[in-house]
Structure formats: C-alpha cells, structure tokens
> 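Take this structure, written in structure tokens, and hold onto it; I'll ask about it next.
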Amino acid sequence: SAPSTTMGAAAAAVVAAEVSEGPSTLPVELTAMLEEYGHDSYQVVLNLINSVVDGSTDQAKFEESCRLLLGTRAYMVLTIDRVITQTVKQLALLALDPTF
C-alpha cells in the first residue's frame with residue numbers, strides 16, 4: 001500500500017504541474033489511465049506492464065510512459081520489465097521445444 005501512495009502522490013504532482021504550466025504534455029492515454037486509477041501511478045504502471053506482456057503496447061511507448069510518470073525512478077521499472085520480457089520469451093521457447 002505504501003508504494004502506491006508514494007507513486008500516486010508523485011503522479012498527482014506531475015499532473016498538477018502539467019496543468020499549472022498550461023496544456024498537458026502527457027499523452028491522452030496516460031492522462032485517462034491516471035484519472036481511471038485515481039492518480040495512482042502504481043496501478044497505471046502495472047497496467048502498462050500487462051499491456052507490454054500481452055503485446056498491445058510497444059516497448060518504446062511503455063518506456064516513455066514510465067519516464068513521464070515516474071521520472072528518474074523509472075529505471076527500476078524498466079529493468080524489471082526487461083527481466084519479465086526475457087523470462088516470458090524463454091518460457092515460450094521452452095514450451096515450443098519438443099525435447100523438453
């Protein structure tokens with residue numbers, strides 16, 4: 001619960017800063033996701049990870065969205081994402097290997 005509160009506060013601060021500076025530079029999809037999850041960036045990042053794993057979002061869009069949401073803390077999420085992606089690829093290879 002603590003990480004979502006901290007990340008949610010950070011996301012809310014980003015959105016507040018965007019609004020105070022004028023038109024939002026956050027992508028429309030990201031703004032909609034933040035509103036849907038009550039500005040809880042933890043839930044938004046989990047949703048983005050799911051969309052990368054299922055193939056509905058490409059890697060570049062995922063990385064950009066994480067950097068916009070989390071700033072310099074995004075490197076942790078991006079590293080975890082790469083580990084998950086490689087694990088899924090390796091499991092798929094094992095599932096297709098007839099000798100295993």
Side-chain angles (χ1 to χ4, degrees):
S1 172
S4 66
T5 304
T6 304
M7 287 186 191
V14 168
V15 171
E18 295 282 339
V19 170
S20 68
E21 292 175 6
S24 176
T25 58
L26 287 175
V28 174
E29 305 88 27
L30 206 52
T31 303
M33 289 172 79
L34 279 169
E35 290 174 4
E36 177 182 348
Y37 292 108
H39 296 281
D40 184 0
S41 60
Y42 176 75
Q43 290 298 322
V44 174
V45 170
L46 287 179
N47 189 19
L48 288 169
I49 290 171
N50 285 334
S51 66
V52 169
V53 170
D54 72 16
S56 61
T57 299
D58 66 0
Q59 186 71 25
K61 185 174 181 178
F62 170 77
E63 288 182 12
E64 177 187 358
S65 297
C66 284
R67 284 190 183 100
L68 287 171
L69 279 173
L70 304 174
T72 58
R73 296 176 301 169
Y75 77 92
M76 294 180 353
V77 173
L78 299 176
T79 303
I80 291 169
D81 169 64
R82 290 189 178 121
V83 169
I84 291 170
T85 302
Q86 290 301 316
T87 302
V88 169
K89 286 180 182 179
Q90 293 300 316
L91 289 172
L93 287 174
L94 284 174
L96 295 174
D97 186 0
T99 62
F100 186 69

> Rounded to the nearest 0.5 Å, how far does OG of Ser65 lie from CG of Leu48?
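The CG atom of Leu48 sits 5.0 Å away from the OG atom of Ser65.
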> Which heavy atom of Thr87 sits nearest to which heavy atom of Val83, and what is that distance?
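That closest heavy-atom pairing would be OG1-O, 2.7 Å.
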> side-chain hydrogen bond (donor to acceptor under 3.5 Å, both in side chains) with Glu35: which residues, sequence neighbours excluded?
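Residues passing side-chain hydrogen bond (donor to acceptor under 3.5 Å, both in side chains) with Glu35: none at all.
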> Keeping Ser56 on the side-chain end and Ser51 on the backbone end, is there a donor-acceptor pair under 3.5 Å?
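Present.
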> Quick check: do Val44 and His39 have side-chain heavy atoms less than 4.5 Å from each other?
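No. Closest side-chain heavy atoms not under 4.5 Å.
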> If we ignore hydrogens and angles and just use 3.5 Å, is the side chain of Thr85 paired with the main-chain N or O of Arg82 as donor and acceptor?
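A pair under 3.5 Å: no.
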> Before giving the answer on side chain to side chain contact (heavy atoms under 4.5 Å, CB included), spell out for Leu34 and Leu69 the whole-Å C-alpha distance, their side-chain angles and the decisive distance to 0.1 Å.
CA-CA 9 Å; Leu34 279 169; Leu69 279 173; 3.7 Å; yes
> Take Gln90 and Leu93 through the side chain to side chain contact (heavy atoms under 4.5 Å, CB included) test and state the conclusion after the steps.
CA-CA 5 Å; Gln90 293 300 316; Leu93 287 174; 4.1 Å; yes
> Determine which pairs satisfy salt bridge (Lys or Arg N to Asp or Glu O under 4.0 Å) with at least one residue from residues 48-62, sequence neighbours left out, and list them in order.
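Every salt bridge (Lys or Arg N to Asp or Glu O under 4.0 Å) pair that includes a residue of residues 48-62, provided the two are not neighbours, is Glu29-Lys61.
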> How many angstroms lie between OG1 in Thr72 and CZ in Arg67, if you round to the nearest 0.5 Å?
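Those atoms lie 11.0 Å apart.
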> Just by distance, no angles: are the side chains of Gln59 and Glu63 close enough, under 3.5 Å, to form a donor-acceptor pair?
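Indeed, the side chains of Gln59 and Glu63 share at least one donor-acceptor pair under 3.5 Å.
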> How far apart are the closest heavy atoms of Ala74 and Cys66, and which atoms are they?
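Minimum heavy-atom separation between Ala74 and Cys66: CB-O, 3.6 Å.
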> Say you draw a straight line from CD of Glu64 to OG1 of Thr57; how long is it, rounded to the nearest 0.5 Å?
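Separation between the atoms: 11.5 Å.
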> Can you check side chain to side chain contact (heavy atoms under 4.5 Å, CB included) on Phe62 and Ile49, steps first, answer last?
CA-CA 8 Å; Phe62 170 77; Ile49 290 171; 3.7 Å; yes
> How many angstroms lie between OG in Ser41 and CG in Asn47, if you round to the nearest 0.5 Å?
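Atom-to-atom, Ser41:OG and Asn47:CG are 12.5 Å apart.
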